[in-house]
Amino acid sequence: VPDVCTHCYEHREYIRDLRDAVQGDSGQQPATALLRSYPVHDGLFISHECVDCLLRVYASKALEYKVFPDITPSGDTLNDDAVHLLGAVSRVSSYDSLSEVGQPFVMPKEIPSRDRWVKDEEALHCMCCRRTFSMLNRRHHCRRCGRVVCHSCSKKKLRLQSFYEDVAVRVCDDCWSNLAGTQPKDTQTEPGTPVPSGTHSRMSDSSSQFEWQLTGNERYDNVIRDEYSYEYAPSTSQCLAICNLHTQNDEMASFLLYHCAKLEALLRPLHPGIPNPEIDYALVARMLLNLTLGVKVRGGGAEVEKMKEHAEIILSIVHDNCESLLLHTPSMTNHGSLRKLRDALVKAEKWTLALELSLKCGFSLNGVMAAWGMACLRAGCYETAREKFSHCLPRVASEAECEAVLRMIETPSMGSNTAAAKVPVVKRPTRCPPLLNEILYALTCTARLGAPSERVIARVNAARQVSAGTVAAAHEPALNILSTLANLRNICQGEFDADIPGPNAERLAHNDNASIMCSRLFEESMHYLLAYGSHQSVVQFLIRYQQTEVASLRYILAQRVEPDVFLHAVLLPYLQRGELETVVQRLSDIDDTLLEWREHIRYVCRYLETNDMLNSLYNLQLLLKDPIRASMTCVRFYTMGCRTFSDLHASEHHLKTSVSHLQNELELCNWQEVRLNSTGRAIETHHSLLMKLDPKELNNHINTILLQLDVTKFLATCELKGRQTVTLLPKIFREASQLPTLFGSVHDRLQLAILTLVCGQNVEEAFGLSYRIIQDYNLDLQRVYALTAKYFINHGKIEDVGKLLDVIVSNESSTGATDQPAVSAICDEIVRVAVDVAIARHGTGVHTKVALETLINRASSVAVRIHCYIVSGQLKAAYLLANRHQRTGDIRKILRQAELLGQMHVKRLCEARLNHQESGS
C-alpha cells in the first residue's frame with residue numbers, strides 16, 4: 001500500500017492480529033528511516049487506509065482480554081512432567097501465597113519501570129483483595145508499585161510526572177493510601193467526577209472531552225495510548241460497531257476471522273478434562289458466534305460457516321456445564337476432532353448434546369443411539385432402550401410376524417404341520433449384527449430371571465405417577481437400579497436373593513424351579529432376536545435353555561431354517577457335550593419318521609464325512625438305525641491311516657463289523673420294500689430316511705468285504721515273509737494308488753488282481769485269488785495277464801511267463817470253459833507282449849533267443865509266431881513258417897527286416913519266393 005502513513009504502521013503493535021505486508025514490501029523504504037524523517041503527523045497525508053488501520057486498532061482493543069492458560073515455572077531443574085503437573089493441577093505462583101495477605105504493604109521507594117512490573121501470568125489473584133482474575137475481572141498494573149490488581153482496587157489515578165509526563169495514571173488503593181497525603185489536590189482524582197463512556201475515571205486540567213486528546217508530544221502521546229482502554233471489554237458489539245465504520249473490503253473479514261480463530265483457541269481446556277478457571281466459556285462461545293455472524297454479513301466463505309457451527313456446538317456444551325469435555329487439540333473444526341468430542345459426550349452420557357453434534361456435523365446417529373440404548377438397557381429402562389435401538393438396527397420382521405413366531409415358541413409342543421401353516425416364514429440375514437450380540441450379553445448380565453419384588457414394583461409405579469404428573473416428558477423408571485438397591489437393602493438385613501442376573505442365569509434356567517419363558521430376560525431377548533436377528537442367533541438363544549430346546553427345533557422347521565444353522569447351532573453343541581443321543585431323541589419326538597429332518601440330517605452327515613469326523617458320523621448312523629450307511633462308515637474306518645497291507649490286516653475288525661451290519665439288514669430285509677425300475681436301480685416303496693438295498697446288492701457288498709479280507713490276509717502274509725507289495729505298484733503302473741482296495745475304482749481292483757499274481761511264491765499260489773477278483777468285477781483278462789507277463793519279463797522271470805500260461809490253460813480246462821479260441825487268443829497275446837518286452841529290455845542275444853524259443857512255440861497263432869521270430873531276429877525261421885503257410889504279406893515284412901539286418905541269404909529267398917509267386921500269377 002504505497003500511500004499509507006508509515007507512522008501508523010510503525011505503531012501497529014496495538015493491532016494484535018495483523019502481520020501486514022509493508023515490512024515485506026521490497027519497494028518501500030524501511031519504516032524506521034521514514035520515522036526519523038517524520039516523527040509526527042504534521043504535514044503528512046492521512047489516507048483512508050490510515051483511518052482503517054486506526055479503526056482496526058480500536059476494534060482490537062474492544063476484544064482485548066488477558067487470559068493465561070497455564071503457568072510454567074522458570075528454571076532448568078524441572079522436567080516436562082513436573083511442569084505439566086504444576087501447571088495443570090496446582091496453578092500457584094510465588095505471588096499467590098496466603099502468607100502475603102497478613103504482611104503489610106510496603107510501597108517501593110522508586111517508581112518501577114515497565115520491565116520490573118509483576119508479570120500478568122504470574123498472578124492468578126488480585127494482590128490487594130485476593131479476588132481471582134477472570135475474563136470479566138481483568139488484570140491491571142499499578143503504575144506506582146508494579147503489582148497486578150483488579151479494577152475495583154485500581155480506580156484511583158495519580159499524576160506521576162517523573163515517569164508518565166502530566167498524565168493521571170492508574171494506581172492501586174494501597175499506593176493511593178500512602179500517597180494521598182503527600183500529593184497536591186490537583187494531582188488527585190476526586191470521587192464522583194464524571195467520565196466519558198468507555199474510559200476510566202481520571203483527573204485532568206482540561207475538560208473531560210479533551211482528556212484523551214493527542215498533543216503531538218510523542219512521549220506524552222505514548223502514555224495516553226498505553227492508558228486508554230475500554231471499561232467493558234471484551235465486547236463484540238462494540239467491536240462490530242467500530243468495524244461498521246471500516247471501509248468495506250476483504251481485509252475486515254480477514255481481521256474478524258483471525259479474532260474468531262483466537263477465541264476458538266481460547267476454548268481449549270488447560271489439559272484434557274481440566275477447563276481453564278479464568279475463562280467464561282459461555283461468554284467466549286457467544287462472542288465467537290457474534291463474530292462469525294459479523295464475518296458472514298461481510299462476505300465470509302465456507303470457513304466461517306464451520307466456525308459458526310462450532311460456536312453453536314460449544315455454546316450448547318457450555319450451557320450444559322460440560323466445558324471439561326472440550327478437546328485439548330489445536331483445532332476442533334475438522335471432522336476427526338469433532339468425532340472425538342462426540343465420543344467424549346457419549347462417554348459422559350450427554351446424549352442430547354451428542355445427538356445435536358452429530359446432526360450439525362453430518363455424523364451418523366447410530367453410534368449415539370446404540371450407546372444411549374445400551375445405557376438404558378443396563379439400567380432397566382427396557383421400553384426406552386427398544387425405542388433407541390430401533391433407530392440403529394435394521395428391522396427384518398414386522399410386529400405381527402414377531403408376535404406369530406413368539407406364540408409358536410411359547411405354545412407347548414404341537415403338530416409341526418399345524419405350526420408351520422400358521423407361522424409366516426421370515427427371510428433373515430445370514431449374520432447377526434454385532435450390536436445385537438452386545439445387547440444379548442448385556443441382557444444376560446443385567447436382566448433378572450424372576451419377577452421384581454413388590455417393593456420394587458411399588459417404587460416403579462410411584463416414579464411413573466410422579467413423572468407423568470410433571471410438565472416434562474415422562475421417563476421410564478430404571479428397574480435394574482431399583483432392584484439392585486432393594487437387594488442391597490435385603491443383604492444389609494441378612495436376606496440373600498438367589499435371583500441374581502449374570503452368567504449364572506443359564507445355569508439357573510436349567511433348574512425346574514426357574515422358568516425362563518416368564519422372565520424379562522426371555523421377553524427382551526426374543527424381542528430383539530425376532531425383530532433384528534438372524535435364524536442362527538434365535539436358535540442359539542433358544543437351544544441354550546432346557547425349557548426352550550424343543551421350541552428351537554420347532555422354530556427350525558416352521559421357518560425353514562438352513563441346514564447349516566441346524567448344524568452349527570444345534571448338532572455341534574450337543575456333539576461337544578456328548579449328548580448326540582439327546583438331540584436325535586428330540587428330533588424323533590417331533591417327527592418319528594425323521595422325513596422332515598431329511599435335508600438337515602443329510603447335510604450333517606456330509607459335513608461330518610468331509611471333515612473326517614467319522615466316529616461322530618458312525619454314532620449318528622447307529623442312533624438313526626441306519627445299518628447300511630453304518631457299514632459304509634466302517635469301511636472308511638478300515639482304510640483310515642493304513643499304508644501297508646499289514647496295517648489293513650490289523651484293522652480287519654472294522655470290516656467284520658461292517659459285515660455284521662449288512663447281514664443283520666439282510667435278515668430283516670423286506671422283499672416288498674425294494675423293487676427295481678427299468679434301469680435296474682432301486683425304487684423305494686416306503687417313506688423313510690434310512691438307506692435301503694435289495695438282497696442281491698447286499699450280498700454283493702458282503703462278498704466284496706469277504707474277498708477284501710482274503711486279499712488283505714494274503715498280501716499281509718507276503719509282507720510278513722519279506723516280499724514287496726505296495727512298492728511294486730509303481731513298477732507296474734505309471735499311475736499307481738497308494739494302497740488299493742476293492743472298495744476303490746476299477747483301476748484299484750486291477751492293481752490288486754495283478755499284485756496278487758506277482759507277490760506270491762509262484763504263480764499258482766495266488767492265481768485263484770486273482771481270478772476271483774477278475775471274475776467278480778468283470779476285469780479285462782487279457783490286460784491283467786499281459787501286464788503280469790510284462791512285469792515278469794522286466795525282472796528276468798521269463799520262465800514265470802510259461803508258468804502263467806500253464807495256469808491259465810489248466811484253469812480254463814478245470815472250469816470247463818467252452819470258449820477255447822478266446823483262451824488261445826489270450827495266451828498268444830501274452831506271448832507277443834513277452835517277446836516284445838524281452839527284446840526291448842534284454843536285446844537279441846543268443847541266451848534271450850534260446851529262452852524265448854519255448855514261449856514262441858507255445859503260440860497257437862501263426863501270425864504271432866512269425867511276429868515273434870521277426871522281432872527276435874530269427875528271419876530264416878520266420879521265412880520257413882510263412883512260406884509253409886503261404887503268407888505273402890509276412891514274407892514282405894521279412895524281406896524288409898532282412899534288408900535292415902543285412903541277412904542277404906534270407907533276402908534272396910524272400911525275393912525268389914515273391915518273384916515266383918508273381919510269375920505264377
Side-chain angles (χ1 to χ4, degrees), residues 732-733 746-747 749-758 760 762-764 766-795 797-842 848-849 851-875 877-894 897:
I732 303 174
F733 300 93
V746 177
H747 186 64
R749 295 164 181 170
L750 180 66
Q751 293 180 75
L752 278 180
I754 298 173
L755 198 59
T756 52
L757 285 174
V758 302
N762 49 57
V763 178
E764 296 85 353
F767 183 81
L769 193 59
S770 177
Y771 190 74
R772 285 175 57 189
I773 298 174
I774 295 172
Q775 292 296 317
D776 287 353
Y777 302 105
N778 295 323
L779 300 180
D780 189 355
L781 277 172
Q782 183 173 317
R783 187 182 179 191
V784 172
Y785 295 144
L787 290 174
T788 304
K790 182 179 179 181
Y791 171 78
F792 286 149
I793 295 298
N794 286 331
H795 291 77
K797 299 179 180 180
I798 298 178
E799 64 278 1
D800 287 344
V801 178
K803 295 178 182 180
L804 178 62
L805 294 174
D806 294 337
V807 173
I808 293 172
V809 174
S810 62
N811 180 69
E812 295 298 332
S813 60
S814 63
T815 56
T818 56
D819 194 2
Q820 189 65 30
V823 177
S824 300
I826 292 173
C827 293
D828 291 344
E829 180 65 19
I830 293 173
V831 172
R832 186 190 65 79
V833 171
V835 172
D836 290 345
V837 174
I839 297 302
R841 178 84 175 178
H842 305 289
T848 303
K849 292 180 180 180
L852 293 176
E853 184 65 29
T854 305
L855 286 178
I856 295 173
N857 292 331
R858 297 196 61 169
S860 59
S861 172
V862 176
V864 172
R865 292 173 64 187
I866 293 173
H867 171 78
C868 293
Y869 282 134
I870 293 173
V871 172
S872 60
Q874 303 179 47
L875 299 182
Y879 170 75
L880 294 175
L881 187 58
N883 187 34
R884 184 188 309 162
H885 294 280
Q886 298 183 357
R887 299 178 67 87
T888 307
D890 291 335
I891 293 175
R892 289 192 180 92
K893 294 179 182 179
I894 296 170
Q897 190 68 18

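Being a predicted model, the structure only gives us computed values, none of them experimental.
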Return the minimal non-hydrogen interatomic distance between [X] and [Y], and the atom names on each side.
{"X": "Gln775", "Y": "Leu781", "value": "NE2-CD1, 4.5 Å"}
{"X": "Cys827", "Y": "Ile808", "value": "SG-CG2, 4.4 Å"}
{"X": "Ile839", "Y": "Ser872", "value": "CD1-CA, 3.8 Å"}
{"X": "Val833", "Y": "Ala786", "value": "CG1-O, 4.0 Å"}

So, do [X] and [Y] sit near enough that their side-chain heavy atoms are less than 4.5 Å apart?
{"X": "Val862", "Y": "Arg884", "answer": "no"}
{"X": "Cys868", "Y": "Leu852", "answer": "no"}
{"X": "Tyr869", "Y": "Lys849", "answer": "no"}

Nearest 0.5 Å, please: how far is [atom2] in [Y] from [atom1] in [X]?
{"X": "Leu787", "Y": "Gln751", "atom1": "CG", "atom2": "CD", "value": "10.5 Å"}
{"X": "Leu855", "Y": "Glu799", "atom1": "CG", "atom2": "CD", "value": "9.5 Å"}
{"X": "Ser810", "Y": "Lys803", "atom1": "OG", "atom2": "NZ", "value": "13.5 Å"}
{"X": "Asp800", "Y": "Glu764", "atom1": "CG", "atom2": "CD", "value": "8.5 Å"}
{"X": "Thr888", "Y": "Asn883", "atom1": "OG1", "atom2": "CG", "value": "9.0 Å"}
{"X": "Leu757", "Y": "Leu769", "atom1": "CG", "atom2": "CG", "value": "9.0 Å"}

* **Qualifying residue, where the test is side-chain contact (heavy atoms from CB on, under 4.5 Å) with Tyr785 and the options are Leu805, Val801, Ile774** => Ile774

Spell out, as yes or no, whether a donor-acceptor pair under 3.5 Å connects the side chain of [X] to the backbone of [Y].
{"X": "Asp890", "Y": "Ala882", "answer": "no"}
{"X": "Ser770", "Y": "Phe767", "answer": "no"}
{"X": "His842", "Y": "Ile793", "answer": "yes"}
{"X": "His795", "Y": "Tyr791", "answer": "yes"}

* To do: Evaluate salt bridge (Lys or Arg N to Asp or Glu O under 4.0 Å) for Asp780 paired with Arg783, printing each intermediate quantity in order.
  => CA-CA 5 Å; Asp780 189 355; Arg783 187 182 179 191; over 6 Å; no

* Between Arg858 and Asp806, is the closest basic N to carboxylate O distance under 4.0 Å? -> yes

* Asked: Salt bridge between Arg832 and Asp828, side-chain N to carboxylate O under 4.0 Å?
  -> no

* Run the side-chain contact (heavy atoms from CB on, under 4.5 Å) check on Val758 and Phe792 step by step: do they pass? -> CA-CA 8 Å; Val758 302; Phe792 286 149; 4.2 Å; yes

